[in-house]
Every structure is written in C-alpha cells, then in structure tokens.
Amino acid sequence: MRTLKYAILGLISRMPMTGYDITGEFNNNQLANFWYAKHSQVYPELGRLVDEGLLTCQVVIQGEKMEKKLYTITDAGRRELREWLLQEDPLPPTPKDVFRLRMYFSDFMSREEMKNHLHDHVKKHQDKRRYLADIMEQNYQGKAPALGTREYGDFLVLEGAILRETSYIQWLENALEREDAYNGRT
C-alpha cells in the first residue's frame with residue numbers, strides 16, 4: 001500500500017498545494033511528529049497521482065519567469081481518500097526501537113553504563129514531551145477543538161504523541177527505580 005499517496009491526497013484535499021508546500025508540511029507541520037516523507041518521495045508520487053487521475057496539475061507563473069505546479073484533488077481523488085480513511089487495518093508490527101534493543105542486551109553493560117543510558121534517554125524523551133506540550137498549549141490552551149475540524153485531528157495526534165512520550169518516560173523511570181532498589185538506595 002502506498003500510504004504516502006493518501007497523506008498527499010489528504011493534504012491537497014484541504015487546499016491546492018505545490019510539491020514544495022507538501023514537503024514543507026512533512027517537515028514543519030505537526031504531521032512531522034508522526035509521518036515523514038522526503039522531497040525525493042513526494043515528487044514522484046505527485047506524478048503518479050496525476051497519472052491515476054486523482055490529482056490535476058496546473059502550471060502557475062510566479063513572478064516574471066518562475067513556474068510552479070499547483071496540484072488540486074479530483075472527485076476521484078476525494079472518493080479514493082474517503083475509501084482509504086474508512087478501511088480497517090490490522091495492527092502494524094511493533095516499530096523498531098534501537099534503545100530497547102540495547103536494553104534487551106543490557107546484561108553486557110555495566111550498571112553504571114546502563115544507568116547513564118537510561119538517564120540520557122529520560123532527558124531526551126522529557127525534552128520531546130515538553131516540546132509537544134508547548135505546541136499543545138500554544139495551539140489549544142488545554143481545550144479540544146470542535147469535532148470534525150482539521151484542528152481536531154491535529155489535536156488527537158498531538159495528544160497521542162504526548163501520551164506516547166509520557167509512557168516511555170515512565171518505563172525508563174521504572175527501570176531506574178529498580179536499579180536504585182537493587183543497589184539498596186531506596
């Protein structure tokens with residue numbers, strides 16, 4: 001399944017966009033907190049979507065000579081996006097996590113090395129959670145937007161990302177508490 005196809009259809013269904021705009025959404029928007037696509041992936045997919053009749057492309061002159069391609073979703077594209085949105089998917093495989101793999105083999109580390117890894121990872125995830133919480137506060141001030149709005153979808157994904165980080169931090173802190181208890185410090 002070409003999931004990028006549906007991400008692009010969803011973005012363009014909100015408003016006509018250029019390939020540059022779409023790449024910007026993947027890099028700078030809240031979308032980047034859970035989905036990413038490179039410039040080199042976006043442009044070929046746009047071409048396929050035009051060939052499939054799901055998007056149209058209009059060349060627009062910007063300034064005196066610069067041309068840009070503005071993509072708009074077709075009715076067929078809206079139908080295909082809607083069908084995809086309503087599909088049930090099986091639970092995906094567990095994502096790879098290098099840090100968890102290291103913890104799996106922590107018996108090859110000294111206790112001090114493991115604690116250093118754990119503390120370092122707690123800080124990284126706290127920083128990420130703080131970053132996400134700041135976005136939440138700036139955009140929503142603790143209140144969920146109205147159902148059925150673009151903002152509501154953004155809010156749900158952001159809330160999930162904050163909970164993911166909170167859970168990860170709790171797991172790391174539990175490991176540190178066990179380590180302290182093992183060493184007789186608690």
Side-chain angles (χ1 to χ4, degrees), residues 1-43 45-46 49 54-55 68-75 77-100 118-177:
M1 177 189 293
R2 292 170 23 220
T3 308
L4 177 58
K5 166 185 180 174
Y6 299 105
I8 290 172
L9 287 173
L11 288 171
I12 294 176
S13 71
R14 289 181 170 165
M15 73 174 108
M17 301 177 95
T18 65
Y20 180 82
D21 296 333
I22 293 165
T23 302
E25 288 288 313
F26 283 118
N27 292 323
N28 303 319
N29 192 294
Q30 290 181 10
L31 184 62
N33 288 316
F34 66 95
W35 193 264
Y36 177 79
K38 297 176 187 171
H39 174 85
S40 61
Q41 296 169 298
V42 169
Y43 285 91
E45 188 63 35
L46 285 168
L49 293 170
L54 303 176
L55 296 179
K68 65 180 183 176
K69 293 180 179 179
L70 188 65
Y71 295 90
T72 306
I73 194 165
T74 64
D75 288 340
R78 286 187 197 285
R79 280 191 303 275
E80 189 148 337
L81 174 63
R82 179 112 172 104
E83 287 172 18
W84 176 78
L85 287 170
L86 298 176
Q87 285 179 0
E88 282 292 325
D89 292 323
L91 192 61
T94 302
K96 294 178 182 177
D97 184 328
V98 174
F99 180 77
R100 287 181 195 243
L118 289 166
H119 280 293
D120 182 53
H121 237 59
V122 166
K123 179 168 180 354
K124 287 176 185 175
H125 284 276
Q126 286 173 334
D127 290 347
K128 177 92 183 246
R129 182 178 61 187
R130 193 171 12 263
Y131 165 77
L132 295 168
D134 287 347
I135 293 172
M136 178 70 86
E137 183 58 31
Q138 290 168 9
N139 293 334
Y140 306 108
Q141 294 82 40
K143 296 178 187 172
L147 257 114
T149 63
R150 172 186 178 166
E151 291 77 19
Y152 185 72
D154 291 344
F155 174 86
L156 282 179
V157 170
L158 185 57
E159 181 181 52
I162 291 168
L163 290 171
R164 178 193 64 225
E165 294 305 319
T166 301
S167 174
Y168 208 104
I169 291 165
Q170 184 62 54
W171 171 65
L172 295 167
E173 288 174 344
N174 288 348
L176 283 166
E177 286 174 18

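Along the sequence shown, residues are numbered consecutively beginning with 1.
Listed by first and then second residue, the salt bridge (charged side-chain N to carboxylate O under 4.0 Å, His left out) pairs involving residues 4-15 are K5-E52, K5-E80 (not counting sequence neighbours).
With rounding to the nearest 0.5 Å, the separation of OH in Y71 from CG in D21 is 11.0 Å. Here T18 contributes atom OG1 and I12 contributes atom CD1; the two are 9.0 Å apart, rounded to the nearest 0.5 Å. Rounded to the nearest 0.5 Å, atoms CE (M15) and OG1 (T72) are 12.0 Å apart. How far CG of N27 is from CD1 of I22: 12.0 Å, rounded to the nearest 0.5 Å. Taken to the nearest 0.5 Å, the CD atom of E45 stands 9.5 Å off from the OH atom of Y6. Taking CE from M17 and OG1 from T23, the interatomic distance works out to 9.5 Å, rounded to the nearest 0.5 Å.
Shortest non-hydrogen contact noted between I8 and V42 is CD1-O, 4.1 Å. L9 approaches I73 most closely through the heavy-atom pair O-CD1, 3.6 Å. L46 and G19 make their closest contact through CD1-CA, 3.7 Å (heavy atoms, listed as atom of the first residue, atom of the second, distance). The two residues A37 and L4 have their closest heavy-atom pair at CB-CD1, 3.6 Å. Closest approach of S13 and L81 over heavy atoms only: OG-CD2, 3.7 Å.
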Practice task
Starting from the C-alpha separation in whole Å, work towards a yes-or-no answer on side-chain contact (heavy atoms from CB on, under 4.5 Å) for M136 and F155.
Solution key: CA-CA 7 Å; M136 178 70 86; F155 174 86; 3.3 Å; yes

Exercise for the section: Test L118 against F99 for side-chain contact (heavy atoms from CB on, under 4.5 Å), laying out the working first. Expected result: CA-CA 9 Å; L118 289 166; F99 180 77; 3.9 Å; yes

Problem - Residues T166, Q170; criterion side-chain contact (heavy atoms from CB on, under 4.5 Å); working and verdict - result: CA-CA 6 Å; T166 301; Q170 184 62 54; 5.8 Å; no

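For the pair Y140 (side chain) and Y152 (backbone), a donor-acceptor distance under 3.5 Å is absent.
For K123 and D127, the salt-bridge test passes: some basic side-chain N is under 4.0 Å from an acidic carboxylate O. Looking at D75 and R79, no side-chain N of the basic residue comes within less than 4.0 Å of a carboxylate O on the acidic one, giving no salt bridge.
In this view, R100 and D97 satisfy the salt bridge (charged side-chain N to carboxylate O under 4.0 Å, His left out) rule, not counting sequence neighbours.
The 12-atom threshold is exceeded at OH of Y43, counting heavy atoms of other residues, nucleotides or ligands nearer than 6.0 Å. Summarising the local packing, NZ of K128 is surrounded by more than 12 heavy atoms from other residues, nucleotides or ligands at distances under 6.0 Å.
Between L158 and I135 there is a side-chain heavy-atom pair separated by less than 4.5 Å.
Between Y168 and H125, the ring planes are parallel. Angles under 30° get that label, and only those over 60° would be called perpendicular.
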